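Reviewing the structure listed below.
Since this is a predicted model, take the numbers as computed values, not measurements.
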Amino acid sequence: VPPRAVAGGWLVFIGHDEDQMRMAVLGTDGRLRDLPARRPHHGMVDSYAVAVSPDGTRVAFRDVVVDLTTMDWSYVPHTPPSGSSDGYVTEVRMIGWTDAGLFFEGAPYQQGLGSTWLLRADGTTVPVRVPDGSHVSDADAADVAVALDYADDNSDTCVRAYVLDDPMWTLVGPRACMGRYLGEALGVSPDHRWLLTDDLPEVWDLRE
């Protein structure tokens, strides 16, 4: 798990295996400050998903938000009740921070898929439905959703991109086709311009 830049240092993972794993802030003075203990679920990759606020003062992971200046923490709303899995994994999934707040997935769930919510600074939440057929990356720009439409013979790929304008989604530009097969969308740059795919080292200009 790579370090993440936060206010005053870096967010790092400490430990040799899952049973010992914990998070801490490594300050520029070399000191470590442990985050409140919230152990990841065994074997669940999403449990290690960490979202850092744009100003680096708050960290969201599992089902909590931690204020790094005080180390106080609070649960996010819409946490699924215990025993509500119905055979599917139902956990809060952090998507990322936007200028409007924390974007995450929580209850209610349908076949393991959660509803998407925006947690604002005042503690209120508003449902934010991702545009049909699109996907928001767990990294980079959490306020951009990308949809890829493939030709039947995989000879072309058309792209639609949306930006979250609390609480609505608006198109970044016109639907554009790339003229060839485009791989999976992995992330969008913070300025909403560059689309990273698995066609490395190429990146795509969403505005063009």
_Side chain to side chain, Asp143 and Asp165, heavy atoms closer than 4.5 Å_ = no
In short, Ala100 meets Leu118 closest at the heavy-atom pair CB-CD2, 3.6 Å
Practice item. Could you tell me whether the side chain of Ser115 reaches within less than 4.5 Å of the side chain of Tyr109, counting heavy atoms only? Key: no
Hey, quick one: are Trp10 and Leu68 part of the same hydrophobic cluster, counting side-chain heavy atoms closer than 4.5 Å, chains of contacts allowed? no
Interatomic distance, CZ@Arg193 vs CD@Glu208, rounded to 0.5 Å, equals 6.0 Å
Does atom CG of Asp55 have more than 12 heavy-atom neighbours from other groups under 6.0 Å away? yes
Same cluster (ILVMFWY, side-chain, under 4.5 Å), Val52 and Leu32:
no
_Can a donor-acceptor pair be found, under 3.5 Å and without considering hydrogens, that links the side chain of Asp199 to the backbone of Gly183?_
yes
Value for CE (Met178) from OH (Tyr150), rounded to nearest 0.5 Å, stands at 10.5 Å
Closest non-hydrogen contact found for Ala185 with Val146 is CB-CG1, 4.1 Å
| message | side-chain contact (heavy atoms from CB on, under 4.5 Å) for Leu11 and Val50? Distances and angles first, verdict last. | response | CA-CA 9 Å; Leu11 182 70; Val50 177; 3.4 Å; yes
Asp153 side chain reached by Tyr181 side chain, heavy atoms, under 4.5 Å: no
Looking only at heavy atoms, the pair that brings Leu113 and Glu105 closest together is C-OE2, 4.3 Å
Worksheet item: Under 4.5 Å between any side-chain heavy atoms of Arg58 and Trp97, yes or no?
Response: yes
In terms of heavy-atom contacts, Asp156 and Arg180 come closest through OD1-N, 3.4 Å
### Query
Taking the side chain as C-beta and beyond, is there a heavy-atom pair between Val172 and Tyr162 under 4.5 Å?
no
Exercise. Parallel, tilted or perpendicular for Trp117 and His78, by the 30°/60° rule?
Worked result: parallel
Discussion item. Within the structure provided, determine whether Val66 and Met71 are in side-chain contact (heavy-atom separation under 4.5 Å).
Written reply: yes
Practice item. Quick one: do Phe104 and Asp63 satisfy side-chain contact (heavy atoms from CB on, under 4.5 Å)? Show the steps, please. Key: CA-CA 10 Å; Phe104 71 99; Asp63 52 2; over 6 Å; no
| Can you find a heavy atom in the side chain of Val65 that is under 4.5 Å from one in the side chain of Trp73? | no
If only atom types and distance count, is the side chain of Ser134 paired as donor or acceptor with the main-chain N or O of Ala147 below 3.5 Å? no
dist Thr157:OG1 -> Glu184:CD (nearest 0.5 Å) comes out at 12.5 Å
For Leu206 and His192 the tightest heavy-atom approach is CD1-O, 3.8 Å
Hydrophobic clusters here meaning ILVMFWY residues chained together by side-chain heavy-atom distances under 4.5 Å, can you tell me if Trp194 and Leu200 are in one? yes
Do Arg31 and Val25 pass the side-chain contact (heavy atoms from CB on, under 4.5 Å) test, and can you show the C-alpha distance, the side-chain angles, and the key distance before you say yes or no?
CA-CA 8 Å; Arg31 295 182 181 179; Val25 173; over 6 Å; no
Quiz prompt | Asp152 CG: over 12 foreign heavy atoms closer than 6.0 Å | solution = no
Value for OG1 (Thr98) from CG (Leu119), rounded to nearest 0.5 Å, stands at 10.0 Å
dist Leu35:CG -> Phe61:CZ (nearest 0.5 Å) comes out at 5.0 Å
Here the pair of heavy atoms bringing Pro3 nearest to Val12 is CB-CG1, 4.1 Å
Is it true that Phe13 and Leu26 fall in one hydrophobic cluster, defined by side-chain heavy atoms closer than 4.5 Å? no
For side-chain contact (heavy atoms from CB on, under 4.5 Å), just list the numbers for Trp169 and Arg129, CA-CA rounded to whole Å, side-chain angles, deciding distance to a tenth of an Å, and then say yes or no. CA-CA 9 Å; Trp169 292 90; Arg129 181 180 176 184; 5.9 Å; no
Got Val159 and Arg175 here, is their nearest side-chain heavy-atom distance under 4.5 Å?
no
Here the gap from Leu195 atom CG to Asp205 atom CG, rounded to the nearest 0.5 Å, amounts to 10.0 Å
